[in-house]
Amino acid sequence: MSHFPLPRPARIAVMASGRGSNLEALLKAFPHDNPLGHIVLVISDKREALALQKAVEAQVEAEYVPWPKSRDQGVAYKTGREQFERVAGQLLHEHRIDLILLAGFMRLLSPAFVQAWQGRILNIHPSLLPQFPGLNAQRQALEAGVSESGCTVHFVDAGMDTGPIILQRRVPVLPGDTEETLAARILEQEHLAYPEAVRRVLQGRV
Ligand code: GAR
């Protein structure tokens, strides 16, 4: 069953752990006056994430939600993930979020969380999935010696970088490529792919 299209602009949350260049592309594509949907909340598990600054600059609510290591855990929580998901879940509820976009969010959410948001949570990954899931996808591509790589936007399920694919954009792997040059070439495509995939989802075209 599809949750989209909605009869009103969708309320979107982005979760990001780092630099936030995909967040920036999404903020540009879904500003407050976009009738399809707009980003109203950015959550990061890293206090120092540039993504939080970018949200503040765009006048979007930015929340740091800790994902504590086991040694920092309070007695109220069994795991850092449980604590993160409880606080993030509350924020998502308070902001009446319709769609979550993971944009460089470097954590694995629990099967229960993902199940609760099934069909309403997307991720972007810097490879042509199912090739090269997990960390260092660009390095994996170079080590495998493939002639082509790219990025994938997909619905999130309980696996790591699995879940139904919405769209992919391809780039060549060139002789002499380093992890950095390949990552930059893929990133350019990510910034086009993610807004396009979100548009398709919100329009109910997926
Ligand atoms: C992007 O390349 C994204 O695809 C990747 O992290 C980078 C985040 O960049 N995500 C993953 O590897 C998730 N498995 P950004 O913070 O500039 O958007």
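Numbering of residues begins at 1 and proceeds along the displayed sequence. In each ligand, atom 1 is the first atom listed, and ligand 1 is the first ligand listed.
On a distance-only criterion, Gly20 and ligand 1 share at least one N/O pair closer than 3.5 Å. The shortest N/O to N/O separation between His125 and ligand 1 falls below 3.5 Å. Any N or O atom pair closer than 3.5 Å counts here, and Glu190 shares at least one such pair with ligand 1.
Salt bridge annotation for Lys28-Glu24: absent, with no cationic side-chain nitrogen under 4.0 angstrom from a carboxylate oxygen. The existence of a salt bridge linking Lys54 and Glu57 is excluded, since no basic side-chain nitrogen approaches an acidic carboxylate oxygen closer than 4.0 Å.
No side-chain heavy atom of Ser149 sits under 4.5 Å from any side-chain heavy atom of Gln138. Using a 4.5 Å heavy-atom cutoff, the side chains of Leu128 and Arg170 are in contact. Counting only heavy atoms from C-beta outward, the side chains of Leu102 and Val156 approach each other to under 4.5 Å.
For ligand 1, the atoms sitting less than 4.0 Å from at least one non-hydrogen atom of Asn22 are 1 (C), 15 (P), 17 (O), 18 (O), numbered in the order shown with element in parentheses. Below 4.0 Å from some heavy atom of Ser21 lie the following atoms of ligand 1, by number and element: 15 (P), 16 (O), 17 (O), 18 (O). Every atom of ligand 1 is numbered from 1 in the order shown, and the set under 4.0 Å from a heavy atom of Asp161 is 14 (N).
Heavy atoms of Glu24 come nearer than 4.0 angstrom to ligand 1 in no pair at all.
In terms of protein heavy-atom proximity, atom 10 (N) of ligand 1 is nearest to Ile124 O, 3.7 Å. For atom 7 (C) of ligand 1, the closest heavy atom belonging to the protein is Arg19 NH2, 4.1 Å. Pro126 CD, 3.8 Å is the protein heavy atom nearest to atom 5 (C) of ligand 1. The protein heavy-atom contact nearest to atom 8 (C) of ligand 1 is Gly104 CA, 3.6 Å.
Atom CZ of Arg8 has more than 12 heavy atoms from other residues, nucleotides or ligands within 6.0 Å.
A ring-ring contact (aromatic ring centres under 6.0 Å, His included) with Phe84 holds for exactly one of Phe113, Tyr64, Phe105; it is Phe105.
Under 3.5 Å, the side chains of Ser110 and Glu85 contain a donor-acceptor pair of N or O atoms.
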